Asker: 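Submitted below is the structure of interest, expressed as structure tokens.
Just so it is clear, the structure is predicted and the values come from calculations on it, not from any experiment.
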Amino acid sequence: MIVLRDILYKVTLEKVVGNTGVTIRELHFDSRSVGLDDVFIAIKGALSDGHDYIKTAVDQGALAVICETMPAQIVNGVTYVQVADSKQAMAVLAANFYGNPSESLKLIGVTGTNGKTTISTLLYNLFTDAGFECGLLSTVKIKVGKKEYKATHTTPDSITINKYLAEMVGAGVEFCFMEVSSHGIHQKRTEGLYFTGGIFTNLSHEHLDYHKDFKEYRDVKKKFFDELPKNAFALVNADDKNGSVMLQNTLAKKYTYGLKSYADYKAQILENQFSGLLLKINNNELWAKLIGSFNAYNLLAIYATAELLGLEQMETLQLISALESVDGRFQFTISSAKKVTAIVDYAHTPDALKNVLETINAIRTGNEQLITVVGCGGDRDTTKRPKMAHIASQLSTKAIFTSDNPRTENPESIIEDMEKGVSPENYKKTVAISNRKQAIKTACQLAEANDIILIAGKGHETYQEINGKRTDFDDFKIVNELLTALNK
């Protein structure tokens, strides 16, 4: 039995109408999910306002309503709690409702533009291999020990987060690794959580359709570190100029990692091949199966985090050597006949695409073609489209512009936006094919022996979204099928 009064702890109340001593069943912010004796939290969203659905929630049996504005109609027997910020209140309510589970395990948040999924997933894998019960909250999946759930957001809503964290506590999980997005921070989804540590990867052009400018995007990320407790750790990339910004006001213990700058945790790339990386980390050499300088940063962050969480150095190095690439992150296959290398990567920002292409160019001998298939998502930041096209055409032998997830936009219009970024000297290197499967097929047909194909933008996603409808579409599966068919 959970009493409403008990979960209002640490929630700033402006007005209460009714009895807070009632026993409640569940929390919901979607009126369609509300049932008898539930609490409905009215959230003001970008597309709709939960306050418009208070009556619907009450008609369906809501026993209590949390809102920023009291409704005109007050129903007897229903408790109404007015708060200044429903999103913040929901996060605190959810934490209290589920017994503040983040305080009963070691929760590590990973934030930044690129690298969040790789670092959080590989930390989960490393600590699981070390014999610990672990949890994962990522873009790709949610894991409670070995049990797996499908993820729908980079950072889920606060009720979902606390529900899974509570399940983790019940399952004996000791460490949970969580992606923390700028949307999640800005929308207060991580409020009320107790983090043992925070990791900052890097900051580049992303989500400027949501945040008004780069400064706001950076400051939202910084807020996560500002709110870390003093006995937590804050680990930041010293080679990113925004790393020092993240540490400015944090109470947490401060640590840095880097390949170029002075840092607490230092790495050097000794070899970089398609078969992996030879790294020197704090004077210890190790061979890793991951590829590229961006993964050198990821592995260094993982090494530092493992040490900060108490793992022994040599054990950590051995475990890192065994780590495999995350689905859709520089995931590659080599065709049996022509030995064409096809790489699928989630790179959907200018910086991520540049990193992947520079990594490939550093490995290739120069005689092979590098054919890049890339698109940009619809209903998202339009300013990055010409930048993505410029990078693809500049750093590739041939660039094929295509659809990503066009959503409600015309794919041709998205490609036109991209083409505006192509320099005149690179026009002849580009072609536009809006059908993504046909674009990938064209890349496979153009590829000669030992050439390299990069398919960027969707990575782990197994669908394509067009006009609100999702259809099955897996870049890695499709390129494998096409290369196999062409080899026959």
Asker: Among Leu290, Asn355, Ile360, exactly one meets side-chain contact (heavy atoms from CB on, under 4.5 Å) together with Phe330. Which residue is that?
Answerer: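 For Phe330, the side-chain contact (heavy atoms from CB on, under 4.5 Å) check succeeds only for Ile360.
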
Asker: Please tell me whether Lys266 and Asn282 have a donor and an acceptor in their side chains that are separated by less than 3.5 angstrom.
Answerer: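 No, Asn282 and Lys266 have no side-chain donor paired with an acceptor closer than 3.5 Å.
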
Asker: Look at the rings of Tyr149 and Tyr164 and say which category their plane angle falls in: under 30° parallel, 30 to 60° tilted, over 60° perpendicular.
Answerer: tilted

Asker: Report, one line per pair, each donor and acceptor closer than 3.5 Å where one atom sits in a side chain of residues 224-231; sequence neighbours left out.
Answerer:
{"unit_1": "Asp226", "atom_1": "OD1", "unit_2": "Lys222", "atom_2": "NZ", "d": "3.0"}
{"unit_1": "Asp226", "atom_1": "OD2", "unit_2": "Lys222", "atom_2": "NZ", "d": "3.1"}
{"unit_1": "Glu227", "atom_1": "OE2", "unit_2": "Lys223", "atom_2": "NZ", "d": "2.7"}
{"unit_1": "Asn231", "atom_1": "OD1", "unit_2": "Tyr194", "atom_2": "OH", "d": "2.8"}
{"unit_1": "Asn231", "atom_1": "ND2", "unit_2": "Tyr194", "atom_2": "OH", "d": "2.9"}

Asker: Donor-acceptor check, side chain of Asp474 to backbone of Thr462, threshold 3.5 angstrom: yes or no?
Answerer: no

Asker: Please name all residues satisfying side-chain contact (heavy atoms from CB on, under 4.5 Å) with Val169, sequence neighbours left out, ordered by chain then number.
Answerer: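 side-chain contact (heavy atoms from CB on, under 4.5 Å) list for Val169, sorted by chain: Pro101, Ser104, Leu105.
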
Asker: Please name all residues satisfying side chain to side chain donor-acceptor pair (under 3.5 Å) with Asn284, sequence neighbours left out, ordered by chain then number.
Answerer: Gln313

Asker: Using a strict cut-off of less than 4.0 Å between a Lys/Arg side-chain nitrogen and an Asp/Glu carboxylate oxygen, indicate whether Asp85 and Lys87 qualify as a salt bridge.
Answerer: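 Result for this pair is no, no salt bridge flagged.
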
Asker: Between Glu465 and Lys469, is the closest basic N to carboxylate O distance under 4.0 Å?
Answerer: no

Asker: Can you tell which of Thr117, Asn114, Asp345 makes a side chain to side chain donor-acceptor pair (under 3.5 Å) with Arg329?
Answerer: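 Result for side chain to side chain donor-acceptor pair (under 3.5 Å) with Arg329: Thr117.
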
Asker: Are there over 12 heavy-atom neighbours, none belonging to Tyr53, within less than 6.0 Å of that residue's OH?
Answerer: no

Asker: Return yes when atom NZ of Lys289 has more than 12 non-hydrogen atoms of other residues, nucleotides or ligands closer than 6.0 Å, and no otherwise.
Answerer: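 More than 12 heavy atoms, drawn from other residues, nucleotides or ligands, come within 6.0 Å of this atom.
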
Asker: Do the two ring centres, one from Tyr463 and one from Phe473, sit under 6.0 Å apart?
Answerer: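 Between Phe473 and Tyr463, which both carry aromatic rings, the centre distance is not below 6.0 Å.
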
Asker: Any chance the rings of Phe127 and Phe177 have centres within less than 6.0 Å?
Answerer: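 That pair passes the under 6.0 Å test.
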
Asker: Among residues at least two apart in sequence or on other chains, which ones pass side chain to side chain donor-acceptor pair (under 3.5 Å) with Arg385?
Answerer: Glu409, Asp417

Asker: For Val81, what residues pass the side-chain contact (heavy atoms from CB on, under 4.5 Å) criterion, not counting sequence neighbours?
Answerer: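 For Val81 the side-chain contact (heavy atoms from CB on, under 4.5 Å) partners, ignoring immediate neighbours, are Leu8, Leu13, Val16, Ile66, Thr79, Val83.
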
Asker: With Thr20, which residues qualify under side chain to side chain donor-acceptor pair (under 3.5 Å), at least two apart?
Answerer: none

Asker: Please check if the side chain of Asp38 supplies one atom and the backbone of Glu26 the other of a donor-acceptor pair under 3.5 Å.
Answerer: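 Yes; judged by distance alone, with no hydrogens or angles, the pair exists.
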
Asker: Please say whether more than 12 non-hydrogen atoms of neighbouring residues, nucleotides or ligands are located less than 6.0 Å from NZ in Lys354.
Answerer: no

Asker: For Phe233, is the NZ or CZ atom of Lys253 found under 6.0 angstrom from the centre of its six-membered ring and inside 45 degrees of the ring axis?
Answerer: no

Asker: Is the shortest side-chain N to carboxylate O distance from Asp157 to Arg189 below 4.0 Å?
Answerer: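 Here Asp157 does not pair with Arg189 in a salt bridge, since their nearest N and O are not under 4.0 Å apart.
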
Asker: Does Asp37 use its side chain to pair, donor to acceptor, with the backbone of Ala62 at less than 3.5 Å?
Answerer: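 It does not hold such a pair.
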
Asker: Are the side chain of Ser321 and the backbone of Leu317 linked by a donor-acceptor contact shorter than 3.5 Å?
Answerer: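 Yes; at least one donor-acceptor contact below 3.5 Å.
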
Asker: Return yes if some donor-acceptor pair links the side-chain N/O of Asn237 with the main-chain N/O of Thr201 below 3.5 Å, else return no.
Answerer: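 Yes, because the side chain of Asn237 sits within donor-acceptor range (under 3.5 Å) of the backbone of Thr201.
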
Asker: So, Thr139 and Glu179: side-chain donor and acceptor under 3.5 Å apart, yes or no?
Answerer: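 Note: Thr139 and Glu179 side chains meet the donor-acceptor criterion.
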
Asker: Is there a donor in the side chain of Thr111 and an acceptor in the side chain of Lys221, or the other way round, less than 3.5 Å apart?
Answerer: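 A pair is found: one side chain offers a donor N or O, the other an acceptor, under 3.5 Å apart.
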
Asker: Check this for me: Lys163, atom NZ, are more than 12 non-hydrogen atoms of other residues, nucleotides or ligands nearer than 6.0 Å?
Answerer: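 No.
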
